[in-house]
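All remarks here apply to the structure that follows.
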2 protein chains.
Amino acid sequence: MSWRKETRRAERGYHHGNLKEALLQAALGLIAEKGAAGFTFADAARMAGVSAAAPYRHFRDRDELLSSIAQRGFEQFEARLTAAWDDGRPDTVTAFERVGKAYLAFAREEPAFYNAMFESGLPVDANPALQAASERAFNIIRAAAERLAALAPPGTPRPPALMMALHIWSMAHGVASLFSRGDAARRKLPMSPDELLEAEVLIYLRGLGFPTDRRPPAKSAEPPPVPPVAPSGSGVPPGGPWGKPK
Amino acid sequence: MSWRKETRRAERGYHHGNLKEALLQAALGLIAEKGAAGFTFADAARMAGVSAAAPYRHFRDRDELLSSIAQRGFEQFEARLTAAWDDGRPDTVTAFERVGKAYLAFAREEPAFYNAMFESGLPVDANPALQAASERAFNIIRAAAERLAALAPPGTPRPPALMMALHIWSMAHGVASLFSRGDAARRKLPMSPDELLEAEVLIYLRGLGFPTDRRPPAKSAEPPPVPPVAPSGSGVPPGGPWGKPK
DNA sequence: AGCTCATGTGAACGGCTTTTACATGAGCTG
DNA sequence: CAGCTCATGTAAAAGCCGTTCACATGAGCT
């Protein structure tokens with residue numbers, strides 16, 4: 001079995017064999033558990049079964065480990081946003097909202113990454129690689145906004161795509177930070193963070209003149225009752241992007 | 001002179017005289033400088049000129065000092081939001097936007113409080129007093145949303161005020177967190193965080209059917225070119241809440 | 001004057017980060 | 001295969017922090 005070699009490497013030898021990766025995984029678990037602030041270099045070392053000094057062979061200091069995690073986080077984040085955007089299929093607005101949901105899903109499902117990326121207080125702009133990774137992730141949102149802006153109803157002033165992207169980002173980040181994570185997420189909401197963000201984005205898009213009179217923010221995947229492009233006659237869609245007030 | 005008594009108390013005596021307050025002030029300065037994560041109990045004690053054990057006579061532990069600061073922060077926050085809202089004068093929409101700006105102004109001008117309140121990772125819901133203070137601050141936004149919702153144009157479905165409040169809060173918090181603070185604020189923006197948020201809120205309100213075709217978000221107070229109520233035929237006002245794309 | 005209790009001190013414990021000198025052994029070289 | 005070298009690990013130590021405990025001080029009351 002391939003059990004032998006790996007286990008022996010991992011357990012017995014003087015050399016760990018893959019300490020860097022083991023430390024990253026350990027740190028990820030610890031951050032998910034206790035937050036980036038509570039995470040400890042020594043703990044990660046202990047969890048990997050090495051002495052407290054060993055990590056310094058692979059990371060300059062604790063901050064560099066944190067940065068590495070944030071870096072990976074931004075990469076995975078970018079991948080998920082890219083997948084969610086799916087190049088604007090089946091239609092731009094649907095895909096755009098999917099990106100928003102992917103943002104929240106990432107914050108929910110990868111709390112450790114999200115924490116390292118946005119809540120650890122590490123200086124993102126001090127690390128060029130990190131900044132670049134963050135930029136690449138944001139560029140997905142930006143590209144999506146670009147496509148959306150190009151679709152602005154004729155006769156209306158075209159909204160600047162960059163501004164739209166920043167708006168969407170701030171909405172997603174605001175909802176994720178306030179309502180979609182461990183601590184403050186306990187605030188009792190009349191709706192789920194996903195629904196909250198979806199409604200927010202829909203209202204915002206309507207404010208830009210986009211037709212958003214599609215399905216209400218229900219969880220079921222219904223076939224779209226009408227083709228995505230609607231006449232812009234009445235600015236007010238029938239359903240409205242919010243449910244009945246409970 | 002009253003100089004005597006205070007100074008002697010502060011400098012000489014075995015007893016400090018007002019250590020609790022001194023510690024709070026010291027901590028506030030340290031947090032503003034190095035963030036809540038970097039802030040140190042021992043440092044605060046040193047800055048107040050007492051031993052490292054002295055603070056424990058006034059705070060159970062480091063977290064309680066942090067909580068006290070967050071608590072004060074929420075109180076000041078509430079006061080500023082209340083002042084900005086000014087009971088909806090001179091008109092609801094204007095006052096509403098002023099609240100948004102007050103949110104950003106607070107984040108910018110009181111980084112230490114903001115940090116303790118929203119970025120220190122302390123469990124807000126574990127401390128009832130803290131949670132109540134936070135709730136009171138949010139209620140200002142909520143009350144404003146309530147008034148705004150009541151003004152929804154006739155013929156449109158009335159948006160739930162709580163949802164609106166949550167939306168506005170998430171926008172303000174998102175913009176503040178991402179663009180209006182020390183670290184990540186370095187991201188080059190085509191506009192100021194204030195303008196960004198103002199545009200965002202205006203577009204959002206327009207999406208709800210509110211007439212928002214007032215002055216563009218310029219700093220000068222121009223007379224409104226057209227009366228505020230527009231026919232709802234075309235959902236798109238003339239000016240648009242964004243400037244020319246640069 | 002004397003008592004008492006809030007408030008401050010100093011020393012100590014354990015834990016964390018980081019550095020330094022030293023140990024080990026994996027992989028290359030001849 | 002012998003031997004060298006260097007990456008990778010360890011142990012120990014210094015310095016910091018949070019926290020606790022026994023003890024000191026003196027402010028205010030009787």
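Side-chain atoms are counted along with the backbone in the values below, which use heavy atoms only and exclude waters and symmetry mates.
Between A/Arg46 and C/dC16 there is a side-chain N or O to OP1 or OP2 distance below 4.0 Å. Using a 4.0 Å cut-off, some side-chain N or O of B/His58 falls inside it from OP1 or OP2 of C/dG8.
When distances are taken from the side chain of A/Tyr56 to each of C/dT18, D/dT19, C/dG8, the shortest belongs to C/dT18. Here C/dG8 is the nucleotide among C/dG8, D/dT19, D/dG9 with the atom lying nearest to any side-chain atom of B/His16. Here the nucleotide nearest the side chain of A/Thr40, chosen from D/dG18, D/dT10, C/dT17, is C/dT17.
One can place CZ of A/Phe59 at 18 Å from C1' of C/dT19, the figure rounded to the nearest angstrom. Note: CZ (A/Phe41) to C1' (C/dT19) measures 13 Å, nearest angstrom. Rounded to a whole Å, the CD atom of A/Glu64 is 14 Å from the C1' atom of C/dT18. Atom P of nucleotide C/dG8 and atom CG of B/Asn18 are separated by 10 Å, given to the nearest angstrom. A straight line from CZ of A/Arg60 to P of D/dT8 spans 16 Å, rounded to a whole angstrom.
In this structure, the separation between NE2 on B/His58 and CG on B/Leu65 is 11.5 Å, given to the nearest 0.5 Å.
Across all strands, A/Asp61 comes closer than 4.0 Å only to sugar-phosphate atoms, never to a base (heavy-atom distances). In this structure, B/Ala42 reaches the sugar-phosphate backbone alone: every heavy-atom distance under 4.0 Å involves primed, P, OP1 or OP2 atoms, never a base. Within the 4.0 angstrom heavy-atom criterion, base atoms lie near A/Ala54.
The ring-ring contact (aromatic ring centres under 6.0 Å, His included) test with A/Phe77 singles out one residue from A/Tyr103, A/Phe113, A/Tyr114, A/Phe138, and that residue is A/Tyr103.
With 3.5 Å as the limit, one finds no donor-acceptor pair spanning the side chains of B/Glu135 and B/Gln131.
In this structure, D/dG28 and C/dC3 make a Watson-Crick or G-U wobble pair, each of the two defining distances being under 3.5 angstrom.
Seen from the ring of B/Phe59, B/Lys20 counts as a face-on cation partner, given the 6.0 Å and 45° thresholds.
The 5' end of DNA chain C is approached more closely, in terms of each residue's nearest nucleotide, by A/Asp43 than by the other of A/Asp43 and A/Arg57. Position along DNA chain D of the nearest nucleotide to B/Phe39 versus A/Lys20 favours A/Lys20 as the more 5'-ward residue. Where B/Arg62 and A/Leu19 meet DNA chain D, the nucleotide closest to each residue was compared, and A/Leu19 sits on the side nearer the 5' end.
Under the 3.5 Å distance criterion, the side-chain polar atoms of B/Arg62 are matched with a main-chain donor or acceptor of B/Phe39.
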